[in-house]
Amino acid sequence: MARVVVLGAGIAGHTAAAFLRKWLNRRDEVVVISPQPDYNWIPSNIWVGVGLMKKRQVTFPLAPIYQRHDIEFRQARAVALWPEGDQQRSQAAVEIEWTLPTRAGERERIAYDYLVNATGPKLNFDATSGLGPGRNTLSVCTADHAEATAQVFDEMVERMKRGERKRFLAGVGHGSCTCEGAALEYVVNLEFELRARGVRDKAEITFLTNEYEMGDLGMDGLYIRRGGYITPSRIFTESLFAERGIRWTTKAHVRGVEPGVAHYETLDRGEGEAPFDMAMLLPPFSGVPMKAFSRTGEDITATIFAPSGFMKVDADYTKKPYEAWKASDWPRTYRSPAYGNLFAAGIAFAPPHPISRLRTNKDGVMISPAPPRTGMPSAMIGRTVARNIADMLNGRGEPAHTASMAEMGAACVASAGANPFTGTAASMTVFPIVPDYERYPEYGRDLNNTFGEIGLAGHWIKILLHHMFLYKARLRPGWALIPE
Amino acid sequence: MNTQSRNGQDWPGATTPTRGTLFLRTFLPWQICRFIWINLKMMRIIARSHRGMHGQGMTGRAGAGPDRAQAAHN
Ligand SMILES: Cc1cc2nc3c(=O)[nH]c(=O)nc-3n(C[C@H](O)[C@H](O)[C@H](O)COP(=O)(O)OP(=O)(O)OC[C@H]3O[C@@H](n4cnc5c(N)ncnc54)[C@H](O)[C@@H]3O)c2cc1C
């Protein structure tokens, strides 16, 4: 009997756990450790944040589903890895701290044969003073954050109905943020809702981003064939904003937020201030902090984790200039080079370098997006890691299945207003996610498989995906047939 | 909506959609066709990405092999 422990029950961890259960022997144990009792379909938090959905529509309790599918669930957070075992026992173990209210604070070590780290990001609001819920800005990163944001949004709308003018600020709250696509989705949905509620004329909306130009999305932008031209994503993104009367500031690093004003510096224009009545700024991500110890108790955190807190895997982490970055630098199996039974999936793995060109301003402040790891690659990595572990438990020595972000594409739908008849969304595909200039010398990507368009059809697809992925996550009949 | 944006005064350099483009974005018959087309396009990407995931064949699901412990501790 073997035990596979999965840390995290988000898109990557939940997918990995579900496939492990499907592919492992019944005698083998699959254990999921996650600090929250619920699964959250994070992409739909955008709609919660403008009051179109409630938290219960984007979350569900994990325990009954895991119980039904014979997956052991422990509501706890992982705090340390003991990949060589400890003084008492030689088997690798993970140390957890329970968050289940009845056992809160209790610590325990769980032995494992294989471990998947799918702990996602630490929402690093502390990187910018005054940033985040409970301080001066709002967020939609969790369902609770999004509900609190919707409440403030409702209050703003009520005051605008009474004739007040309001300033809205949305975007990212630090020069090293990722997830610009989510911030963009939020701001266009906010604008759409203000129009739907009849108060658009009372609102001034600004988007603040660390991207060098609009449409970069942390992917170094993309090119699309349209109207007889090969057109950069900047053109479409600026058009989307201009059409909706949303102002934007690019190349910005938010230094601090005080009540009602965000202070930022840019790559080229020095300093600026963005005043607001309501601000939704996403935080930068770092790895979920975890320690690692050798058998003798020596701290080996730096062997397993990068300084950012993300886990080192089979990537080429050698420091190189932008021109020398290669598709082959990106990991393929997500296995730790230090311990062969340790894998990372989803946001938890350390990328070898950004995708967008690194840029710093005259004071040496880095202002460029970190690489995005969206839902589709996160789930595909989770599934691939599960497949390899199942194979290795069956006697295969080395992982044979791969899920490099430089070899896979992504399909993504960004809502631009939710209404079954008047709503729209930008549907996008890119192939591959990480540009490969050796295979596609001109644009880094296959233009036959990289496209984007805005329309009502995209909104229908977004709704379909919401229901389909929640169905899949609930592990209802036929769940495994739904692709990641 | 800020009408100034349409003539580019507030957003110089930004491309803005024509009336025809805006109309087609929510014109039901056209959007039904696009719905089918975009889905096919996305399925193609998904299929291509999944193809890339598979290694040199999968091992069948047998009982626990003798290499298990070794695999787990290498
Ligand atoms: C607002 C927003 C909108 C987005 N929209 C889209 C979209 O439209 N399309 C798209 O493709 N992607 C979107 N994304 C990105 C997508 O949500 C991520 O790619 C995806 O959630 C990553 O999956 P993950 O499993 O790596 O991390 P997560 O989903 O964040 O899961 C991490 C899990 O680890 C758990 N955990 C945390 N700490 C510990 C610990 N110490 N021990 C154990 N478990 C722990 C967490 O509770 C959670 O269960 C969006 C992201 C945001 C923030």
Side-chain angles (χ1 to χ4, degrees), chain A residues 1-2 23 25 27-28 91-92 112-114 195 200 235-236 238-239 241-245 247 340-341 376 380 383-384 387-388 390-397 399-404 407-411 421-424 427 429-431 449 451 453-458 460-461 483-484, chain B residues 1-18 21-28 30-39 41-74:
Chain A
M1 190 188 92
W23 288 328
N25 264 325
R27 284 176 294 144
D28 296 330
Q91 203 182 0
Y112 62 79
D113 294 291
Y114 284 90
R195 256 188 289 154
R200 177 65 183 91
I235 299 289
F236 298 108
E238 288 184 354
S239 170
F241 278 55
E243 187 197 333
R244 286 163 175 73
R247 288 165 200 281
N341 57 347
M376 184 176 155
M380 285 183 60
R383 181 186 163 129
T384 303
R387 182 72 257 175
N388 281 327
D391 282 357
M392 288 163 82
L393 279 170
N394 261 334
R396 192 193 278 266
H401 301 273
T402 63
S404 165
E407 290 162 14
M408 71 166 89
F421 299 106
T422 59
T424 53
S427 312
T429 64
V430 284
F431 193 96
N449 285 308
F451 95 107
E453 77 169 55
I454 300 172
L456 179 58
W460 295 336
I461 296 171
E484 283 72 47
Chain B
M1 191 189 304
N2 189 332
T3 48
Q4 273 187 310
S5 62
R6 287 284 166 72
N7 57 26
Q9 279 177 13
D10 275 6
W11 289 270
T15 315
T16 45
T18 60
T21 303
L22 285 177
F23 171 74
L24 283 178
R25 275 187 198 165
T26 50
F27 180 53
L28 279 181
W30 177 244
Q31 287 302 317
I32 290 167
C33 299
R34 299 312 289 164
F35 180 77
I36 297 164
W37 189 84
I38 296 168
N39 270 303
K41 192 104 183 154
M42 287 187 165
M43 290 310 291
R44 192 165 116 168
I45 290 289
I46 291 164
R48 190 167 168 190
S49 301
H50 276 260
R51 258 204 316 277
M53 283 165 62
H54 299 301
Q56 316 98 33
M58 293 187 188
T59 51
R61 179 65 215 160
D67 316 8
R68 277 181 165 213
Q70 197 195 332
H73 292 289
N74 60 4

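The chains referred to below are lettered A, B, ... by the order of the sequence lines, with proteins before strands, and numbering in each begins at 1.
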Next item on the list: Would you check if the side chain of Thr16(B) reaches a backbone N or O of Ser239(A) as a donor-acceptor pair within less than 3.5 Å?
Entry: no

Notebook entry, point to check: Are any non-hydrogen side-chain atoms of Arg25(B) and Ile454(A) less than 4.5 angstrom apart?
Noted result: yes

Notebook entry, point to check: Which bit of Thr424(A) comes within less than 4.5 Å of chain B, counting heavy atoms only: side chain, backbone, both or neither?
Noted result: side chain

Next item on the list: Answer with side chain, backbone, both or neither: which region of Phe451(A) has an atom nearer than 4.5 Å to a non-hydrogen atom of chain B?
Entry: side chain

Next item on the list: Please lay out, stage by stage, how Thr15(B) and Glu238(A) fare under the test side-chain contact (heavy atoms from CB on, under 4.5 Å).
Entry: CA-CA 7 Å; Thr15(B) 315; Glu238(A) 288 184 354; over 6 Å; no

Check: Stepwise, does the side-chain contact (heavy atoms from CB on, under 4.5 Å) test hold for Met376(A) with Ser49(B)?
Finding: CA-CA 10 Å; Met376(A) 184 176 155; Ser49(B) 301; 4.0 Å; yes

Notebook entry, point to check: Checking Gln31(B) side chain against Leu456(A) main chain: does a donor-acceptor pair fall under 3.5 Å?
Noted result: yes

Check: Would a 4.5 Å heavy-atom cut-off, applied to side chains only, mark Phe35(B) and Ile461(A) as touching?
Finding: yes

Notebook entry, point to check: Given that the side chain runs from C-beta out, which part of Arg34(B) has a heavy atom under 4.5 Å from chain A: side chain, backbone, both or neither?
Noted result: both

Note to self: Within the 4.5 Å heavy-atom criterion, are Val430(A) and Ile45(B) side-chain neighbours or not?
What the structure shows: no

Next item on the list: Look up atom CZ in Arg48(B) and atom OG1 in Thr429(A), then write down how far apart they are to the nearest 0.5 Å.
Entry: 10.5 Å

Notebook entry, point to check: Taking all non-hydrogen atoms of both residues, which atom of Glu453(A) and which atom of Trp37(B) are closest, and how far apart?
Noted result: OE1-CZ3, 4.3 Å

Note to self: Is any side-chain heavy atom of Trp460(A) closer than 4.5 Å to one of Ile32(B)?
What the structure shows: yes

Check: If you take all heavy atoms of Pro483(A) and Ile46(B), which pair is closest and at what distance?
Finding: CB-CG2, 3.6 Å

